[in-house]
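Throughout, residue positions are numbered sequentially from 1 according to the sequence presented.
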Amino acid sequence: MPSNDARNLLQCAVPTAAAGVVTAAVSGVVAGGKGAVGAGIGALLAVLFMGIGLYVLQWTAKTLPQLFQAMGLMLYGAQLLLLMIFVALFRDTSLFNAKAFAVGLVVATVVWMAAQARAHMKAKIFYIDPDSEKSEKPEKTGSSS
């Protein structure tokens with residue numbers, strides 16, 4: 001993973017992990033140990049899904065740019081499907097508090113999206129390839145006397 005991609009991932013994952021710890025602590029106070037576990041699992045799931053999604057989209061943008069938008073739509077659909085499968089598997093669990101899980105998942109997702117937007121705005125991304133200007137020499141037009 002190139003350094004810009006790793007930096008972008010780090011700028012998203014660190015605040016999200018911090019928000020997950022805070023959410024787990026608050027849920028632990030409000031709903032007990034099962035609340036803390038639920039919020040922690042929700043935050044961890046959000047970090048995993050969003051991190052893998054960011055990596056896949058960055059890889060797609062570099063290798064298959066023509067498929068970037070379609071891959072983004074497919075990726076978000078797959079993430080929702082995997083989340084629904086997880087929720088269906090643990091619907092009647094007594095391992096964690098389901099409401100705390102939902103709060104942890106939502107808080108972590110919102111923090112990730114805000115951190116990703118901030119990282120993208122602060123990134124210095126070229127919109128003109130500086131190497132292409134050096135290789136292309138302008139042709140002279142008009143008559144020279």
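- Summarising the geometry of Met50 relative to Met113, their closest heavy-atom pair is CE-CG, 3.9 Å, with the distance given to 0.1 Å.
- Checked against side-chain hydrogen bond (donor to acceptor under 3.5 Å, both in side chains), Gln116 has the following partners two or more places apart in sequence or in another chain: Trp112.
- Qualifying side chain to side chain contact (heavy atoms under 4.5 Å, CB included) partners for Val103, counting only residues two or more places apart in sequence or in other chains: Thr23, Val107.
- The nearest pair of heavy atoms linking Asn97 to Gly35 is CB-CA, 3.7 Å.
- The ring pair (Phe, Tyr, Trp, His ring centres under 6.0 Å) check on Phe86 picks up Phe90, Phe101, with sequence neighbours excluded.
- In this structure a side-chain-to-backbone donor-acceptor pair under 3.5 Å is missing from Lys34 to Leu95.
- By the 4.5 Å side-chain criterion applied to Ile, Leu, Val, Met, Phe, Trp and Tyr, Val106 is assigned to a cluster that also includes Val110.
- Within the 4.5 Å cutoff, the side chain of Asn8 has no heavy atoms near those of the His120 side chain.
- For Ala36, there are no side chain to side chain contact (heavy atoms under 4.5 Å, CB included) partners at least two apart in sequence or on another chain.
- Listed by chain and number, the hydrophobic cluster partners of Phe68 are Ile52, Val56, Leu57, Met71, Met74, Leu75, Tyr76, where partners are ILVMFWY side chains within reach of under 4.5 Å, directly or through others.
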For residues 9-16, run the donor-acceptor check on the side chains, cut-off 3.5 Å, and write out each pair with its distance to 0.1 Å, sequence neighbours left out.
residue : atom : partner : partner atom : Å
Thr16   : OG1  : Cys12   : O            : 2.7

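- With sequence neighbours left out, the side chain to side chain contact (heavy atoms under 4.5 Å, CB included) criterion links Leu81 to Met84, Ile85.
- Within 6.0 Å of CD on Gln66 lie more than 12 heavy atoms contributed by other residues, nucleotides or ligands.
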Output side-chain donor-acceptor pairs under 3.5 Å for residues 37-49, partner residues at least two apart or in another chain, one line each.
none

